[in-house]
Amino acid sequence: MNKTINKMNKFLSIALLLVIGFTSNAQDKKAKALLDEVTAKIKSYNNIIIDFKYTLNNSKENINQDSKGNVTLQGNKYVLNFMGVTKIFDGKKTYTIVPEDEEVTISSVNDSDEKAITPSKMLTFFNSGYKFGWDIIQDIKGRKIQYIKLTPNSTKDQRKEILLGIDIQTKTIYNLIEIGKNGTKTTLTVNSFKTNQPLSNNQFTFVASKFPKYYINKLD
């Protein structure tokens, strides 16, 4: 189950990259101009709901896994459903709900943790550490998808490159592809992208009464 949680955390990093956009110093003016358009559009939405497909592939290790999920974001709050696990962030605490183990883990966000995805870092998560530029354009199911390639500056980064696919007509994200130095390729494809949807008042609230038999694991 820890592997599932790690995959959720990795997906969340990717999802935030998708919905937040970039404000980095561009190495390519065309890339920066397109990313700025995506960023401006994303920031105009009150909330965003994404249904996605997540694929993990490594031909050398004969690994090919597909998963589906969804994430709802509003401001610095989110609800992520992925691989049978639900993760809720209410702006202060994170609640990880694992039905298989009948357990809920509650943790506070540590702003000093460089790896933590916190509200204060959401708009700057990928603002440094990458070189990026204009890449190929593809026609996918009648949509013109322009790719922006990001290359990590750090030699310690296990990712060789990241490709961000943008629908040039709608200025929305179509997919994101991470290629690891070990040959692992992960692809996040947006199947549905909805904005400004009516949400319940407790959309980002953990309601303990819904899990009466669950073990509550408070980490702090």
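Only this structure's heavy atoms are used, side chains among them; waters, hydrogens and symmetry mates stay out. We count residues from 1, following the sequence as given.
- Note that CD1 of I173 and OG1 of T189 are 12.0 Å apart. Values are rounded to the nearest 0.5 Å.
- Within the model, atoms CD1 of I166 and CG of L164 stand 4.5 Å from one another, a figure rounded to the nearest 0.5 Å.
- In this structure, the separation between NZ on K92 and CD1 on I106 is 14.5 Å, given to the nearest 0.5 Å.
- Put simply, CD on E61 and CG on N182 are 8.0 Å apart, with the number rounded to the nearest 0.5 Å.
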### Task
With side chain to side chain contact (heavy atoms under 4.5 Å, CB included) as the test, would you mind laying out the steps for L199 and F204 before giving the verdict?
CA-CA 9 Å; L199 302 178; F204 305 99; 4.0 Å; yes

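- Of all non-hydrogen atoms in K77 and G91, the two that sit nearest each other are CG-N, 4.0 Å.
- Judged as a side-chain hydrogen bond (donor to acceptor under 3.5 Å, both in side chains), and not counting sequence neighbours, T105 has no contacts.
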### Chi angles and distances behind the side-chain hydrogen bond (donor to acceptor under 3.5 Å, both in side chains) call for N46, N196
CA-CA 5 Å; N46 181 50; N196 300 335; 5.1 Å; no

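- Hydrophobic clustering places W134 together with L35 (ILVMFWY residues linked when any side-chain heavy atoms are closer than 4.5 Å, directly or through intermediates).
- Nearest approach of E102 to K213, heavy atoms of both residues: OE1-O, 4.1 Å.
- Heavy atoms only, all atoms of each residue included: P152 and E161 are closest at CD-CA, 4.3 Å.
- Here the straight-line distance linking atom NZ of K185 with atom CD1 of I177 works out to 5.0 Å at 0.5 Å rounding.
- Evaluated for a side chain to side chain contact (heavy atoms under 4.5 Å, CB included) with I97, the options V85, V104, N81 yield exactly one hit, V104.
- When the side chains of ILVMFWY residues are joined at heavy-atom separations under 4.5 Å, either directly or via intervening members, L80 and I88 end up in two distinct hydrophobic clusters.
- Counting only distance, with no hydrogens or angles, the side chain of Q197 and the backbone of T195 share a donor-acceptor pair below 3.5 Å.
- Between Y54 and F82, the angle of the ring planes goes over 60°, which puts this pair in the perpendicular group of the 30/60° scheme.
- Listed by chain and number, the residues in a salt bridge (charged side-chain N to carboxylate O under 4.0 Å, His left out) with D157 are R159 (sequence neighbours excluded).
- For T55, the side-chain hydrogen bond (donor to acceptor under 3.5 Å, both in side chains) partners two or more places apart in sequence, or in a different chain, are D66.
- For D139, the CG atom sits in a packed shell: over 12 heavy atoms of surrounding residues, nucleotides or ligands are nearer than 6.0 Å.
- For K181, the NZ atom is densely surrounded, since the number of other residues' heavy atoms within 6.0 Å is greater than 12.
- The hydrophobic cluster containing I42 does not contain V79, counting ILVMFWY residues as joined when their side-chain heavy atoms lie under 4.5 angstrom apart, directly or transitively.
- Side-chain heavy atoms closer than 4.5 Å link hydrophobic residues (I, L, V, M, F, W, Y) into clusters, and following such links, even through other members, never connects Y215 to F206.
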### From CA spacing to verdict: side chain to side chain contact (heavy atoms under 4.5 Å, CB included), V190, T172
CA-CA 10 Å; V190 176; T172 57; over 6 Å; no

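- By the salt bridge (charged side-chain N to carboxylate O under 4.0 Å, His left out) test, K93 is found to be paired with D220, residues two or more places apart in sequence or in another chain being considered.
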In residues 142-151, what donor-acceptor pairs under 3.5 Å come from side-chain atoms, sequence neighbours left out?
residue : atom : partner : partner atom : Å
R143    : NE   : D167    : OD2          : 2.8
R143    : NH2  : D167    : OD2          : 3.1
Q146    : NE2  : D135    : O            : 2.8
Q146    : NE2  : I136    : O            : 3.2
Y147    : OH   : N175    : OD1          : 3.3
Y147    : OH   : N175    : ND2          : 3.2

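- For Y214, the ring pair (Phe, Tyr, Trp, His ring centres under 6.0 Å) criterion is met by F211, not counting sequence neighbours.
- Taken from NZ in K41 to NZ in K171, the straight-line distance is 7.5 Å, to the nearest 0.5 Å.
- Hydrophobic clustering keeps I168 apart from L176 (ILVMFWY residues linked when any side-chain heavy atoms are closer than 4.5 Å, directly or through intermediates).
- Between Y95 and D90 there is a side-chain heavy-atom pair separated by less than 4.5 Å.
- Taking all atoms of both residues into account, the shortest heavy-atom contact from G183 to N58 is C-ND2, 3.9 Å.
- Residues G84 and P99 share a closest heavy-atom pair of O-CD, 3.2 Å.
- Shortest non-hydrogen contact noted between F52 and V71 is CE2-N, 4.2 Å.
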